[in-house]
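When reading the values below, keep in mind they use all heavy atoms of this one structure, side chains included, and skip hydrogens, waters and symmetry mates. If you're wondering where the values come from, they're calculated on a predicted model, not measured in any experiment.
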There are 2 protein chains.
Amino acid sequence: MSENELNTEQLILKAARKVFTHKGLDGARMQDIANEAGINKALLHYYFRSKDKLFESIFKDVIKTFFPQVVSVLVADIPLFDKIHRFTESYIDILAKNPEIPGFVFHELSKNPDRLIGNIRETGADIGIIGEQLQKEVEAGNIRPINPAHFIANLISMCVFPFIARPLLMGIMKMDAQGFDSFIEERKQIVPEAIIRSIKV
Amino acid sequence: MSENELNTEQLILKAARKVFTHKGLDGARMQDIANEAGINKALLHYYFRSKDKLFESIFKDVIKTFFPQVVSVLVADIPLFDKIHRFTESYIDILAKNPEIPGFVFHELSKNPDRLIGNIRETGADIGIIGEQLQKEVEAGNIRPINPAHFIANLISMCVFPFIARPLLMGIMKMDAQGFDSFIEERKQIVPEAIIRSIKV
DNA sequence: GTCTATAAACAGATAGAC
DNA sequence: GTCTATCTGTTTATAGAC
């Protein structure tokens with residue numbers, strides 16, 4: 001524990017996370033996960049009973065480690081324009097380290113919203129506060145009136161979408177893997193600029 | 001043909017498209033497709049030999065019917081700001097009628113980019129011309145300098161992303177299905193406004 | 001061309017030895 | 001706890017009658 005070693009359960013979770021996030025629930029095989037973990041199938045069932053339960057553990061874990069990081073910046077008590085810069089910077093950084101997560105989450109959520117939406121709700125992610133902050137800036141004459149839902153949608157869209165569309169973007173923009181990384185790095189500058197220009201008076 | 005009737009092959013394609021786009025390649029069952037088409041499984045193999053070949057037909061078809069519609073507006077010979085308005089309007093309209101397509105395409109493309117990227121290339125979608133148009137507007141002093149790749153990424157992101165993230169957005173924005181439709185309708189105004197403000201001098 | 005029946009392969013889950 | 005072997009159900013695919 002104190003060293004670099006994982007116990008079997010952690011080993012399984014790590015392997016399952018990799019396989020599920022890359023192949024999706026339907027595309028993942030228990031055998032793939034066992035191979036990735038360097039153990040055999042039976043052990044997966046010993047620890048998690050079923051594929052479905054193992055998946056649910058992974059999904060919950062992904063949501064719980066991702067959402068708070070993202071939301072915390074959005075609801076922080078800092079000036080709006082600072083917040084926009086910090087959010088894009090930190091969010092894009094997190095995504096660059098976990099590029100397959102958004103595709104995974106949105107795909108599973110689309111296939112099974114009713115079953116999985118509860119995991120989102122449990123994080124207590126409340127972005128109502130951003131609406132208040134926008135309202136104050138409007139009243140102070142700093143920005144134009146904007147529906148907070150659209151503001152957030154615009155912001156998140158421009159950060160996340162390139163990761164979901166990576167193969168397509170690489171195809172039509174004729175980028176290689178390194179070119180894509182540079183492109184993403186550039187967006188830490190491009191996105192906040194675009195957002196701020198779109199709302200400034 | 002001249003009437004409202006489809007022959008068996010068309011019937012299969014229609015059913016397969018529905019099932020594949022909703023459940024993905026891995027989640028789709030040949031039995032589901034047969035049921036949807038009102039025929040039996042054996043006929044699917046008679047017409048398309050294998051699930052994989054049937055899937056490839058559907059994927060090709062989706063790309064071929066979608067991409068040209070989208071790209072044609074982007075490369076049309078019309079003033080830039082008009083183009084931005086027309087693009088968002090027509091693209092969002094197409095997406096609203098086919099909300100599951102982007103999730104389907106990006107998911108399959110992520111799982112199997114090498115195998116499927118050729119289908120994109122075959123459409124001959126070349127957006128180089130938009131770069132030239134942007135360059136001219138910059139030289140005319142109408143817009144700020146902008147990397148065309150980011151311009152296009154921003155534009156497409158804001159149009160497509162809400163459809164991919166629909167369940168999540170409905171969850172955190174507390175919208176019902178009707179609320180989501182209104183939200184999408186509003187974006188035909190919001191998105192071009194945001195894009196144009198972000199590039200105008 | 002379309003069907004029913006069945007083969008063949010696969011994948012999740014369990015039994016039982018160690 | 002971890003393994004091998006096996007069972008059970010599912011799913012793709014084929015054979016063969018009509």
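Near DNA chain C, meaning a heavy atom under 4.0 Å from it, residues 14-23 of chain A has no residue at all. Within residues 31-56 of chain B, the residues approaching DNA chain D are B/K41, B/A42, B/H45, B/R49, B/S50, B/K51, by heavy-atom distance under 4.0 Å.
As a whole-Å value, the separation of B/L11 CG from C/dT2 P is 10 Å.
Between the side chains of A/E137 and A/Q133, no donor-acceptor pair is found at a separation under 3.5 Å.
Under the salt bridge (Lys or Arg N to Asp or Glu O under 4.0 Å) criterion, B/E56 pairs with B/R115, sequence neighbours left out. Residues satisfying the side chain to side chain contact (heavy atoms under 4.5 Å, CB included) test with A/N40, not counting sequence neighbours, are A/A42, A/L43. Checked against side chain to side chain contact (heavy atoms under 4.5 Å, CB included), A/R166 has the following partners two or more places apart in sequence or in another chain: A/M170, A/A177, A/F180.
Proximity of A/I143 to A/F81: side-chain heavy atoms (C-beta onward) are separated by under 4.5 Å at one or more points. B/I84 places a side-chain heavy atom less than 4.5 Å from the side chain of B/I199.
For the helix from C/dG1-D/dC18 to C/dC18-D/dG1, the axis fitted to the five pairs at one end and the axis fitted to the five pairs at the other end meet at an angle of 10° (nearest 10 degrees).
Side chain of A/K200 to main chain of B/R197: no donor-acceptor pair is present (N/O by atom type, distance under 3.5 Å, no hydrogens or angles).
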task = Apply the test salt bridge (Lys or Arg N to Asp or Glu O under 4.0 Å) to residues B/D26 and A/K23: give CA-CA distance (whole Å), side-chain angles for both, the deciding distance (0.1 Å), then the verdict.
result = CA-CA 9 Å; B/D26 295 324; A/K23 303 196 179 184; over 6 Å; no
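A distance of 10.5 Å separates CD1 in B/I63 from NZ in B/K60, rounded to the nearest 0.5 Å.
Contact check, B/R29 against D/dT12: a side-chain N or O comes under 4.0 Å of OP1 or OP2.
Residue A/Q189 places its CD atom among 12 or fewer non-hydrogen atoms of other residues, nucleotides or ligands, all under 6.0 Å distant.
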